[in-house]
S.K.: 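This is the structure I have questions about; it appears just below.
Quick caveat, the model's predicted, so the values are computed rather than measured. For the single chain, residues carry numbers from 1 onward in sequence order.
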Amino acid sequence: MTCEEAYRQGAKLLKNAGVAEYALDARLLLEHFCGVTRQDLLVHGDRSLAGREEQAYFQAVARRESRVPLQQITGTQEFMGLPFYVNENVLIPRQDTETVVEEALKVLKPGMELLDLCTGSGCILLSLLYYSEGCRGLGTDISDGALTVAERNLRGISEKKELRAGLCKSDLFTSVTGRFDVIVSNPPYIASEVIGTLEPEVKAHEPALALDGGGDGLDFYRRMIPESGKYLREGGFIFLEIGYDQGAAVSDLMKAAGFADVRVKQDLSGFDRVVSGRWKKNGA
């Protein structure tokens, strides 16, 4: 079978399975498993695939047909221009989450200490450390599987730039000591009843532990925000990713807990994405 024939058959199978970006996914799988780039497909589409290449490709297509996310099949997702390993134990890093990193970078200064709650793949913490100078960070998660992924990513990113980071198992602040200059988090924030309506790639293949935010999606904010001041230095900042309709509710929780300069930042699509605040006792 030629590269072109394999690609066309793969795209057809994915289209019939209801995969929205069937053509792109078929091409990316061909590139990942057979080394056939887009240029190769255009210029050398008549090249025959080796038997093992063809087998690997159609095994990958079959997984994508069953709606396993592309990133879990290839094992990688780019975030903030960096490659991150992902599997079924972590949320796949999304471009919307880059807004958290971009906002936190605005206040980071050399030597600051960061805390990333619900770190997952570690994409937020490791990106912040990579693009700052002399900062140290701690990432926590309740999932052993997620921490294994984050540790692998820490090793991988550290090959590009030495990072001063630690990881530990913790249910939010339970295993955390000391104070930090910045707290960041992308906690579970989807309302429980909404999870069943999500795309199969999400509801069936990404960890429910990282998605389910309780009845109204706000459970983790209610637990996290009132405790955050105990772990922030005076004047420290918090940056929390939120759902598109949670800006007002999370802002109110921050103000009630004593945070000042509470702001809501939109993502590139124009949806509320990050709520931030500055720790000042009594909101002074």
Side-chain angles (χ1 to χ4, degrees), residues 1-99 101 120-123 126-127 130 145-146 148-150 152-153 155-157 159-160 195-208 210-211 267-271:
M1 180 177 286
T2 68
C3 298
E4 179 67 24
E5 289 169 341
Y7 164 70
R8 290 188 180 279
Q9 185 173 332
K12 182 178 180 180
L13 289 169
L14 296 185
K15 182 179 181 181
N16 291 340
V19 175
E21 296 188 328
Y22 59 89
L24 176 61
D25 286 8
R27 183 178 66 75
L28 291 175
L29 289 173
L30 191 66
E31 181 172 347
H32 184 81
F33 289 95
C34 305
V36 179
T37 66
R38 182 173 181 271
Q39 184 68 18
D40 292 334
L41 195 58
L42 291 171
V43 179
H44 303 294
D46 58 349
R47 176 178 78 81
S48 294
L49 292 175
R52 57 180 175 76
E53 292 178 323
E54 185 177 326
Q55 181 181 22
Y57 175 63
F58 282 105
Q59 286 177 344
V61 168
R63 293 186 68 197
R64 190 69 187 97
E65 279 186 278
S66 66
R67 307 303 287 272
V68 176
L70 176 73
Q71 296 89 342
Q72 288 182 8
I73 299 172
T74 62
T76 187
Q77 171 65 20
E78 183 179 286
F79 181 84
M80 292 295 297
L82 299 170
F84 285 88
Y85 169 71
V86 296
N87 64 18
E88 69 280 0
N89 293 305
V90 297
L91 291 183
I92 296 166
R94 291 165 168 81
Q95 185 178 33
D96 294 340
T97 302
E98 293 185 355
T99 309
V101 177
S121 67
C123 64
L126 301 180
S127 296
Y130 184 85
T148 298
V149 172
R152 177 169 171 171
N153 284 321
R155 293 195 303 268
I157 303 299
E159 292 177 359
K160 299 177 178 290
I195 292 176
T197 70
L198 300 176
E199 290 294 318
E201 287 84 350
V202 179
K203 67 181 179 183
H205 296 286
E206 295 198 72
L211 295 169
D267 58 28
L268 291 176
S269 298
F271 295 111

S.K.: Are side-chain heavy atoms of L126 and F84 found at a separation under 4.5 Å?
M.R.: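 A side-chain contact under 4.5 Å exists here.
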S.K.: Can you name the closest pair of heavy atoms from L30 and C3 and give their distance?
M.R.: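 Heavy-atom minimum between the residues: CD2-O, 3.9 Å.
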S.K.: CD of E54 to SG of C34: how many Å apart, nearest 0.5 Å?
M.R.: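 Atom-to-atom, E54:CD and C34:SG are 8.5 Å apart.
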S.K.: Quick one: are F33 and E53 in side-chain contact, heavy atoms under 4.5 Å?
M.R.: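 In short, these two side chains do not touch, never coming nearer than 4.5 Å.
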S.K.: May I ask you to test the L28-L70 pair for a side-chain heavy-atom distance under 4.5 Å?
M.R.: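 Yes, close enough: below the 4.5 Å cut-off.
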S.K.: Work out which heavy atom in A23 is nearest to a heavy atom in A11; give both atom names and the distance.
M.R.: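 Minimum heavy-atom separation between A23 and A11: CA-CB, 4.3 Å.
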S.K.: Have a look at V19 and tell me which of D25, L13, L24 forms a side-chain contact (heavy atoms from CB on, under 4.5 Å) with it.
M.R.: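 Passing option: D25.
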S.K.: Ignoring hydrogens, what is the shortest heavy-atom contact between I195 and K203? Give both atom names and the distance.
M.R.: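 That would be O-CB, 3.4 Å.
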S.K.: Judged by atom type as modelled, is there a donor-acceptor pair below 3.5 Å linking the side chain of E5 to the main-chain atoms of T2?
M.R.: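 Answer holds: yes.
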S.K.: List the residues meeting salt bridge (charged side-chain N to carboxylate O under 4.0 Å, His left out) with E31, not counting sequence neighbours, and say none if there are none.
M.R.: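 Scan of E31 (salt bridge (charged side-chain N to carboxylate O under 4.0 Å, His left out), adjacent residues dropped) gives R27.
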S.K.: For T148 and N89, run side-chain contact (heavy atoms from CB on, under 4.5 Å): C-alpha distance rounded to whole Å, both residues' side-chain angles, the deciding distance at 0.1 Å, then the answer.
M.R.: CA-CA 9 Å; T148 298; N89 293 305; over 6 Å; no
S.K.: So, for L268 and Q95, which heavy atoms are closest and what is the spacing to 0.1 Å?
M.R.: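 Minimum heavy-atom separation between L268 and Q95: CD1-NE2, 3.9 Å.
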S.K.: Enumerate the salt bridge (charged side-chain N to carboxylate O under 4.0 Å, His left out) contacts for residues 76-95, please, sequence neighbours excluded, ordered by first and then second residue.
M.R.: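 Salt bridge (charged side-chain N to carboxylate O under 4.0 Å, His left out) check on residues 76-95 returns R94-E206.
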S.K.: So N153 and C123, do their side chains get closer than 4.5 Å, heavy atoms only?
M.R.: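 Not touching, per the 4.5 Å side-chain cut-off.
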S.K.: Under the side-chain contact (heavy atoms from CB on, under 4.5 Å) rule, what do V61 and L14 come out as? Steps first, then yes or no, please.
M.R.: CA-CA 7 Å; V61 168; L14 296 185; 3.9 Å; yes
S.K.: Got V101 and T97 here, is their nearest side-chain heavy-atom distance under 4.5 Å?
M.R.: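 No, every pair of side-chain atoms sits at 4.5 Å or beyond.
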S.K.: So which heavy atom on P83 is nearest to which on T76, and how close?
M.R.: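 Scanning both residues completely, I find the closest heavy atoms to be CB-OG1, 4.3 Å.
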S.K.: Between Y57 and M1, is there a side-chain heavy-atom distance shorter than 4.5 Å?
M.R.: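 Sidechains of Y57 and M1: no contact.
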S.K.: Could you give me the CA-CA distance, side-chain angles and deciding distance for K160 and L82, then say whether side-chain contact (heavy atoms from CB on, under 4.5 Å) is met?
M.R.: CA-CA 10 Å; K160 299 177 178 290; L82 299 170; 4.3 Å; yes
S.K.: Could you tell me which residues satisfy side chain to side chain donor-acceptor pair (under 3.5 Å) with E65, sequence neighbours excluded, listed by chain and number?
M.R.: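 In terms of side chain to side chain donor-acceptor pair (under 3.5 Å), with neighbours along the sequence ignored, E65 is linked to no residue.
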S.K.: Measure across G10 and A26 and return the closest heavy-atom pair with its distance rounded to 0.1 Å.
M.R.: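 It is C-CB, 4.0 Å.
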S.K.: Is there a side-chain contact between L91 and L211 (heavy atoms, below 4.5 Å)?
M.R.: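 Yes, side chains in contact.
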S.K.: Which pairs with one or both residues in residues 7-19 pass salt bridge (charged side-chain N to carboxylate O under 4.0 Å, His left out), sequence neighbours excluded?
M.R.: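 As it turns out, the salt bridge (charged side-chain N to carboxylate O under 4.0 Å, His left out) pairs with a partner in residues 7-19, which skip direct neighbours, are E4-R8.
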S.K.: What distance do D267 atom CG and D96 atom CG have between them, rounded to the nearest 0.5 Å?
M.R.: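 That separation rounds to 4.5 Å.
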S.K.: Sequence neighbours left out, what passes salt bridge (charged side-chain N to carboxylate O under 4.0 Å, His left out) with D40? Give chain and number order.
M.R.: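 D40: no salt bridge (charged side-chain N to carboxylate O under 4.0 Å, His left out) contacts found.
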S.K.: Please round to the nearest 0.5 Å and tell me the distance separating atom NE2 of H205 and atom CG of L198.
M.R.: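 Answer rounded to 0.5 Å: 13.0 Å.
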S.K.: For E199, what residues pass the side-chain contact (heavy atoms from CB on, under 4.5 Å) criterion, not counting sequence neighbours?
M.R.: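 Residues passing side-chain contact (heavy atoms from CB on, under 4.5 Å) with E199: R67, E201.
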S.K.: Under 4.5 Å between any side-chain heavy atoms of T74 and L29, yes or no?
M.R.: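 Yes, their side chains come closer than 4.5 Å.
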S.K.: Measure the spacing between CG of L41 and CG of D46 and express it to the nearest 0.5 Å.
M.R.: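 It comes to 10.5 Å.
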